[in-house]
**Student:** 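I'd like to ask some things about the structure below.
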Amino acid sequence: MSRKDLLLSRVIVEYLRHKEPIGSESLKTLMNTKISSATIRNYFKALADEGLLFQPHISGGRIPTLRALKSYWYKQLDVKSVIEVDSMERIKEACFLCDVFCALCIEQSNRLRDVRQLDDNTLLLSFEHLGITLPFSSALERFLHELKGLEIIDVRKIAHQVRAQNLLDALSCVQSRNLTRFGVGAILQAYRHNSDEQSFYSIVDGSVFDCLESGMYCEEVLPKGYIAIMQDMTLATHPDKKARMLCIGALDRDFTHFYEYVQS
């Protein structure tokens, strides 16, 4: 890591902890570095010119921009690993401690076993636990045959991707989804001045789990200044069930602390 990147990273870490601008003298002391305050100020100017630092007041310290925070989290967080959590209570505590929203989706296994035509007008989808019927279509039959053996959560994802709304509506009848939410105030903050009601309700009602893969999302999913993190998880109380966690908060929330807390 270059000296400039190291300084930026430390500014971000301190800002996440204290939510206050940091000056060159304070940063020099915190880092216990031989770099002079004047040199740090030169780096500050270069980072500001790149749109990564901002000086709220002329004589004050610097804070990271939304662009810098977004880049920091994309580098810092490992969303491909499976989170291991002992209890939902730990997640609840972390949400209120760090001011973030979490939705936990726990799915009961229910694989698509068979697809067959009952008559000229009806198509039967047989799952492990229940079955549903749909109006017959040869194209739909061929499509669903390709999905045999998949879990219903994966069938729903694919149905969402191809915008098969009638199929999605029918699948809701055989899907057993346990949805738990914590820290709803954080999601309300995100949409306080945003009129995208469809995005808001998809998060609250859990349908967002049908359309987002594991990963990080910003403006493509949320209002500016916020980040969503979708990740697979294992919960000690439901070790045999497929579970995922969606975490949403402002970019200046300390997600490192959040994940350390829920997994400690």
Side-chain angles (χ1 to χ4, degrees), residues 16 19 65-74 77 79 83 88 91-108 110 132 134-135 140 151-233 235 242-255 258-259 262:
L16 292 172
K19 301 298 189 295
T65 62
L66 294 180
R67 176 184 162 192
L69 288 168
K70 186 195 302 185
S71 176
Y72 176 80
W73 290 127
Y74 270 84
L77 298 177
V79 298
I83 305 171
M88 288 192 183
I91 298 173
K92 179 181 179 181
E93 292 172 2
C95 284
F96 287 99
L97 182 67
C98 300
D99 191 22
V100 301
F101 166 85
C102 265
L104 310 179
C105 180
I106 302 172
E107 302 274 352
Q108 179 180 345
N110 198 11
I132 57 173
L134 292 169
L140 180 60
E151 287 282 358
I152 188 168
I153 184 174
D154 297 315
V155 177
R156 282 186 62 91
K157 278 185 193 176
I158 295 169
H160 181 273
Q161 291 168 2
V162 300
R163 301 187 179 184
Q165 190 58 49
N166 290 339
L167 176 58
L168 272 173
D169 293 341
L171 289 172
S172 64
C173 300
V174 292
Q175 185 172 29
S176 178
R177 169 180 282 167
N178 182 0
L179 193 67
T180 306
R181 309 170 193 82
F182 300 118
V184 177
I187 195 74
L188 292 176
Q189 292 174 30
Y191 285 90
R192 183 169 296 167
H193 303 295
N194 187 282
S195 60
D196 187 0
E197 292 186 353
Q198 184 176 355
S199 173
F200 173 78
Y201 287 120
S202 73
I203 293 168
V204 174
D205 68 15
S207 57
V208 67
F209 285 96
D210 294 328
C211 53
L212 292 187
E213 300 290 341
S214 294
M216 281 183 276
Y217 304 86
C218 290
E219 287 89 349
E220 65 271 34
V221 170
L222 296 168
K224 187 175 181 180
Y226 286 79
I227 187 169
I229 305 155
M230 181 72 81
Q231 199 158 8
D232 291 333
M233 66 177 293
L235 195 59
K242 189 170 184 177
R244 291 202 295 164
M245 180 171 75
L246 174 65
C247 181
I248 295 176
L251 283 164
D252 65 358
R253 298 300 181 258
D254 194 342
F255 293 100
F258 173 85
Y259 283 105
V262 300

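Residues take their numbers from the sequence shown, with the count starting at 1.
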**Student:** Please walk me through it: do N166 and L134 pass side-chain contact (heavy atoms from CB on, under 4.5 Å)?
**Tutor:** CA-CA 8 Å; N166 290 339; L134 292 169; 5.6 Å; no

**Student:** Give me the atom names and distance for the closest heavy-atom approach of V221 to Y191.
**Tutor:**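 So the two residues come closest at O-OH, 3.7 Å.
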
**Student:** Report the distance from atom NZ of K242 to atom CG of D154, rounding to the nearest 0.5 Å.
**Tutor:**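 Nearest 0.5 Å value for the NZ-CG distance: 4.0 Å.
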
**Student:** Minimum heavy-atom separation for L171 to I152, with atom names?
**Tutor:**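 Where L171 meets I152 most closely, the heavy atoms are O-CD1, 3.6 Å.
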
**Student:** Less than 4.5 Å apart, any side-chain heavy atom of E213 and any of K157?
**Tutor:**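 A side-chain contact exists here, since the closest heavy-atom pair is under 4.5 Å.
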
**Student:** Do W73 and C218 come within less than 4.5 Å of each other through their side chains, counting heavy atoms only?
**Tutor:**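 A side-chain contact under 4.5 Å is absent here.
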
**Student:** Does any non-hydrogen side-chain atom of F209 lie less than 4.5 Å from one of R156?
**Tutor:**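 A side-chain contact is absent here, since even the closest heavy-atom pair is not under 4.5 Å.
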
**Student:** Report the C-alpha separation of N194 and L222 in whole Å, then their side-chain angles, then the decisive distance to 0.1 Å, and conclude whether the side-chain contact (heavy atoms from CB on, under 4.5 Å) test is met.
**Tutor:** CA-CA 9 Å; N194 187 282; L222 296 168; over 6 Å; no

**Student:** Any chance you could lay out the side-chain contact (heavy atoms from CB on, under 4.5 Å) test for V79 and S214, step after step, and finish with the verdict?
**Tutor:** CA-CA 7 Å; V79 298; S214 294; 5.5 Å; no

**Student:** To the nearest 0.5 Å, what is the distance between CD1 on I132 and CG on L167?
**Tutor:**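 With rounding to 0.5 Å, CD1 (I132) is 6.5 Å from CG (L167).
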
**Student:** Just wondering, do L104 and M233 contact through their side chains at under 4.5 Å, heavy atoms?
**Tutor:**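 M233 vs L104: side chains touch.
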
**Student:** Drop me the distance from Y259's OH to L77's CG, to the nearest 0.5 angstrom.
**Tutor:**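 One finds 6.5 Å between OH of Y259 and CG of L77.
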
**Student:** Can any side-chain N or O of S202 pair as donor or acceptor with the backbone N or O of S199 at less than 3.5 Å?
**Tutor:**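 Yes.
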
**Student:** For atom OH of Y201, is the number of surrounding heavy atoms from other residues, nucleotides or ligands below 6.0 Å larger than 12?
**Tutor:**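 Atom OH in Y201 is not crowded, with 12 or fewer foreign heavy atoms closer than 6.0 Å.
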
**Student:** Would you say T180 and I106 make side-chain contact, with heavy atoms under 4.5 Å?
**Tutor:**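 No - every pair of side-chain heavy atoms lies 4.5 Å or more apart.
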
**Student:** CD1 of I83 to CD1 of I229: how many Å apart, nearest 0.5 Å?
**Tutor:**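 The CD1 atom of I229 is 8.5 Å from CD1 of I83, to the nearest 0.5 Å.
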
**Student:** Taking the side chain as every heavy atom from C-beta outward, state whether Q198 and D196 have any pair of such atoms under 4.5 Å apart.
**Tutor:**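 Yes, side chains in contact.
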
**Student:** What are the two closest non-hydrogen atoms of R253 and V100, and how far apart are they?
**Tutor:**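 What the structure gives for the nearest pair is CB-CG1, 4.0 Å.
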
**Student:** Taking all non-hydrogen atoms of both residues into account, name the closest pair between C95 and F182 and its distance.
**Tutor:**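 That would be SG-CB, 3.7 Å.
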
**Student:** I'd like to know if the side chain of R181 and the backbone of V204 have a donor-acceptor N/O pair within less than 3.5 Å.
**Tutor:**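 Yes.
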
**Student:** Taking the side chain as C-beta and beyond, is there a heavy-atom pair between Y72 and L251 under 4.5 Å?
**Tutor:**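 Counting from C-beta outward, Y72 and L251 never come under 4.5 Å.
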
**Student:** From I153 CD1 over to N110 CG, what is the distance, rounded to the nearest 0.5 angstrom?
**Tutor:**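 Nearest 0.5 Å value for the CD1-CG distance: 12.0 Å.
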
**Student:** Evaluate whether atom NZ of K92 has more than 12 neighbouring non-hydrogen atoms of other residues, nucleotides or ligands under 6.0 angstrom away.
**Tutor:**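 Not buried by this count: 12 neighbours or fewer within 6.0 Å.
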
**Student:** Please name the pair of heavy atoms, one in L168 and one in H160, separated by the smallest distance, quoted to 0.1 Å.
**Tutor:**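 In terms of heavy atoms, the two residues are closest at CD1-CA, 3.9 Å.
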
**Student:** How close do M216 and Y74 get, counting heavy atoms only, and between which atoms?
**Tutor:**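 The pair with the smallest heavy-atom distance is O-OH, 3.1 Å.
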
**Student:** For the side chain of Q161 and the backbone of A159, is there at least one donor-acceptor N/O pair under 3.5 Å apart?
**Tutor:**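 Flag not set: sc Q161 to bb A159 has no pair under 3.5 Å.
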
**Student:** State, yes or no, whether a side-chain contact exists between V262 and F258 at a heavy-atom distance under 4.5 Å.
**Tutor:**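 Yes. Closest side-chain heavy atoms under 4.5 Å.
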
**Student:** Rounded to the nearest 0.5 Å, what's the gap from NZ on K224 to NZ on K70? Could you check?
**Tutor:**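 Nearest 0.5 Å value for the NZ-NZ distance: 8.0 Å.
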
**Student:** Show, in sequence, the C-alpha distance, side-chain angles and deciding distance for Q231 and C247, and conclude whether the side-chain contact (heavy atoms from CB on, under 4.5 Å) test is met.
**Tutor:** CA-CA 8 Å; Q231 199 158 8; C247 181; over 6 Å; no

